[in-house]
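Whatever order the structure lists ligands and atoms in, that order sets their numbers, starting from 1. Since this is a predicted model, take the numbers as computed values, not measurements.
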Amino acid sequence: MHTSVSNKISLPKVFLTRILPDIGMKMIHEIAEVEVWPERLPPPYEVLLEKVKGKDGLVCMLTDQIDAQLIEAAGGSLKVISQMAVGYDNINIAAMTAKGIPVGHTPGVLTDATADLTWALLMAAARRVVEADKEVRLGHWQTWEPTMLLGVNISGATLGIIGCGRIGQAVARRARGFNMRVLYHNRLRLPLELEQSLDIKYQDLDVLLKESDFITIHTSLTNDTYHLFSDVQFQMMKPTSILINTARGAIVDPEALRKALINGQIAGAALDVTTPEPIPTDSPLLGLDNIIITPHIGSASYQTRAQMAMMTASNLAAGLKGERLPHCVNPEVYA
Ligand code: DGY
């Protein structure tokens, strides 16, 4: 009894802003004295400021605001921040680096799950699956009709990928099964060999917007990509085109999207991410039939979330021991 108490006291202290999948919780309980926020909603910012005080490690989510003030509140003990997500636009990385705190994230393991959901949304929007299901439930299905709920073909269409990193490339790979012409736009052009093996073609953004039947967003949210899709971009798109966003909501200007959907500048949209999140239930976007919205579930498969939790725990464990994080956002802290 005595031994276990003294062992516990010597463990590093960590705060988790949410309960992780079991495997991650188990790993973290083995290495740390854990305080976990047990609610469904994230801890309010003021609470987070209190909770990080004196902690050695912080496990956070994309719903937490992690900034310079929070690091000050934590005091000098904080050694590592481990985020259970690949994206980290909620974290002020420069402020963490300035304090020498490594930030971990979970790249790679959610690539396929996110690409799968992108395709689920693309296909659902193309073939109006959500509207069709609603019609059946409302008792509107009376007979087979020659022009009922017509959608657009996916096979042979042109797919435009904005941001061709891991997830964009996984989306492109899936497009081969549909015999699509695939264009991409990226900050940096990919090596020719990779373009050839994926059978994708680099295009200027304007050309991609004009030529694509489906456009899917996989870039991260930065100052440069904030509202990348606004009035001008929608005006360039085909009136039959469909926009899919599984990256970050703020890349699309929601008011410009609403106008584009109402005015027929584009035919439809499918979003797994919105701004803000959650989208308010009185948002005008939710009143439109030609948009599908899911609640940021790109990585939400049992297997993927378990892998993300394990990676989060491994990053945390390394940081607590003062070792290099296996997946570090700001490796310059080790310079
Ligand atoms: C991420 O990891 O950044 C996704 O948005 C959620 O899994």
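In this structure, the side chains of I162 and H218 stay at 4.5 Å or more apart for every pair of heavy atoms.
Taking every heavy atom of R248 and a limit of under 4.0 angstrom, the matching atoms of ligand 1 come to 1 (C), 3 (O), 4 (C), 5 (O). Every atom of ligand 1 is numbered from 1 in the order shown, and the set under 4.0 Å from a heavy atom of M308 is 7 (O). Within ligand 1, counting atoms from 1 as listed, the ones closer than 4.0 Å to a heavy atom of S299 are 6 (C), 7 (O). Each of the following atoms of ligand 1 lies closer than 4.0 Å to a heavy atom of H296: 4 (C), 5 (O), 6 (C). Here is the list of ligand 1 atoms found below 4.0 Å of a heavy atom in G87: 1 (C), 2 (O), 3 (O).
Residue contacts with ligand 1, taken as heavy atom pairs separated by less than 4.0 Å, involve L62 solely via side-chain atoms from C-beta onward. The part of L110 lying near ligand 1 is the side chain, judged by heavy-atom distances below 4.0 Å.
Using modelled atom types, one side-chain atom of T312 and one backbone atom of M308 make a donor-acceptor pair closer than 3.5 Å. A donor-acceptor pair under 3.5 Å links the side-chain atoms of R18 to the main chain of R40, judged by distance alone.
Heavy atoms of M84 come nearer than 4.0 angstrom to ligand 1 in no pair at all. Look at H105 and you'll find every heavy atom at least 4.0 Å from all atoms of ligand 1.
Of the candidates T118, D116, D272, T118 is the only one forming a side chain to side chain donor-acceptor pair (under 3.5 Å) with T246.
Within a 6.0 Å sphere centred on OH of Y202, heavy atoms belonging to other residues, nucleotides or ligands number more than 12.
Protein heavy atom nearest atom 2 (O) of ligand 1, with residue, atom name and distance: V86 N, 2.7 Å.
Geometrically, ligand 1 and R305 share no nitrogen or oxygen pair separated by less than 3.5 Å. In terms of polar-atom proximity, defined here as any N/O pair under 3.5 Å, A85 makes no such contact with ligand 1.
For W119 and F214, the distance between ring centers is not under 6.0 angstrom.
In this structure, the salt bridge (Lys or Arg N to Asp or Glu O under 4.0 Å) partners of R137, at least two apart in sequence or on a different chain, are D133.
Between K238 and E211 there is no salt bridge, since no side-chain nitrogen of the basic residue lies less than 4.0 Å from a carboxylate oxygen of the acidic one.
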